[in-house]
Amino acid sequence: MHSIQVAIAGATGNLGGPILQALLSADFSVTVLSRIGGNSSKLKPHPNLTIKEVNFNSVESLTPALQGAEVVVSCVATVAIGSQNPLIDASVAAGVRRFLPAEFGMDSQNALCIQLPVCVPKAATQRFLLEKSISNPGFTYTAVANGLFLDWGIETGFILNPAKHTATLYNGGDVSISVTLLADIAKAVLGVIAHQAETANRVVYV
């Protein structure tokens with residue numbers, strides 16, 4: 001088992017699930033942070049897996065659950081992306097060394113991207129993380145920017161719908177887009193954990 005302990009929020013989501021499996025397959029000791037009354041019961045038992053129910057709006061609830069964790073991976077749902085500050089504050093209080101926010105999409109440091117509504121809370125979270133890293137030198141962060149979830153998109157019929165043999169065309173259908181497999185994003189998270197010095201306080205691209 002790896003000596004590095006990892007905590008993950010949103011482990012039952014579309015991306016959190018593959019990241020959790022990658023962490024467990026890499027023999028990390030993983031703590032899943034689950035909303036009180038959430039659906040963590042759907043997770044399969046694993047000897048390296050601990051589940052802790054928390055109130056994601058309470059630093060006092062989150063901090064003890066994060067004790068011993070070196071890395072926190074946030075995969076909270078899109079609607080909660082702008083509400084990660086308590087989790088970040090608790091991570092700092094618990095002595096976490098690396099925080100990966102629920103970025104996992106468009107680059108929120110791109111001047112054009114941050115004009116889009118979906119990127120506004122992501123950019124705000126990165127500013128908050130930067131402030132925390134400056135005032136707490138032992139605390140660092142890494143944001144992962146990637147393309148559209150290709151396998152999820154095909155499975156749900158987003159952009160491409162193989163079952164109906166249809167596709168949604170934007171801007172004439174001849175504009176290139178970036179896509180990424182969920183498994184490759186999970187590999188990127190493992191890479192960040194393995195290369196913390198090189199990935200500190202920056203965006204990495206997949």
Side-chain angles (χ1 to χ4, degrees), residues 6-28 30-35 37-46 48-51 53 56 71-84 87 99-108 110 112-114 116-123 125 142-194 203-206:
V6 181
I8 180 171
T12 59
N14 294 315
L15 178 59
I19 290 178
L20 173 61
Q21 292 307 310
L23 290 167
L24 293 174
S25 296
D27 210 25
F28 283 99
V30 182
T31 296
V32 166
L33 304 176
S34 175
R35 178 175 52 83
N39 57 357
S40 61
S41 60
K42 68 189 291 187
L43 297 174
K44 295 180 180 179
H46 190 283
N48 291 359
L49 177 63
T50 301
I51 298 173
E53 291 194 334
F56 279 101
V71 177
V72 172
V73 182
S74 177
C75 296
V76 297
T78 301
V79 294
I81 285 176
S83 305
Q84 297 178 85
L87 182 57
F99 189 97
L100 283 77
E103 181 88 5
F104 304 114
M106 291 178 287
D107 179 9
S108 58
N110 182 293
L112 294 177
C113 288
I114 61 175
L116 301 173
V118 70
C119 276
V120 172
K122 293 183 178 183
T125 297
T142 304
V144 177
N146 50 261
L148 173 73
F149 299 167
L150 177 60
D151 37 352
W152 171 84
I154 293 175
E155 182 180 344
T156 60
F158 182 68
I159 304 277
L160 296 174
N161 191 325
K164 295 183 178 180
H165 304 284
T166 60
T168 303
L169 302 181
Y170 295 95
N171 297 324
D174 58 354
V175 178
S176 298
I177 63 170
S178 298
V179 295
T180 314
L181 296 173
L182 296 176
D184 287 336
I185 301 172
K187 289 178 183 177
V189 170
L190 296 182
V192 168
I193 296 173
V203 177
V204 297
Y205 300 90
V206 183

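Quick caveat, the model's predicted, so the values are computed rather than measured. Every heavy atom of this structure was used, including side-chain atoms; hydrogens, water molecules and symmetry mates were not.
With rounding to the nearest 0.5 angstrom, the CG atom of L23 is 10.5 Å from the CG atom of N48. Expressed to the nearest 0.5 Å, how far CD1 of I177 lies from OH of Y170 amounts to 9.5 Å. Annotation: the span from I159 atom CD1 to L169 atom CG amounts to 9.0 Å, rounded to 0.5 Å. Rounded to the nearest 0.5 Å, atoms CG (L148) and OG1 (T180) are 8.0 Å apart. Here OG1 of T12 is found 5.5 Å from NZ of K42. Values are rounded to the nearest 0.5 Å. With values rounded to the nearest 0.5 angstrom, L181 atom CG is found 5.0 Å from D151 atom CG.
Side chain of S178 to backbone of G147: no donor-acceptor contact under 3.5 angstrom is found. For the pair D184 (side chain) and V206 (backbone), a donor-acceptor distance under 3.5 Å is absent. At distances below 3.5 Å, not a single donor-acceptor pair connects side-chain atoms of Q21 with backbone N or O atoms of P18. In this structure, the side chain of Q84 engages the main chain of A102 through a donor-acceptor pair within 3.5 Å.
Side-chain contact between V32 and I51 is present, with heavy atoms from C-beta onward closer than 4.5 Å. Two residues are said to be in side-chain contact when any heavy atoms from C-beta on lie closer than 4.5 Å; F104 and C75 meet this criterion. Between V71 and F28, the closest side-chain pair of non-hydrogen atoms is not below 4.5 Å. Residues L33 and L87 are in side-chain contact: their nearest non-hydrogen atoms beyond the backbone lie under 4.5 Å apart. Side chains of T156 and F149 form no contact here, defined as non-hydrogen atoms less than 4.5 Å apart.
Pairing each heavy atom of N14 with each of L182, the nearest pair is O-CD1, 3.5 Å. Closest heavy-atom contact between A11 and L43: O-CD2, 4.3 Å. The shortest non-hydrogen separation linking K122 to M106 is NZ-N, 4.4 Å. Closest approach of L112 and N110 over heavy atoms only: N-OD1, 2.8 Å. The nearest pair of heavy atoms linking I114 to C119 is CA-CB, 3.9 Å. Pairing each heavy atom of F56 with each of S34, the nearest pair is CE1-C, 3.9 Å.
In summary, the side chains of E103 and S108 do present a donor paired with an acceptor at a separation below 3.5 Å, with no hydrogens or angles considered.
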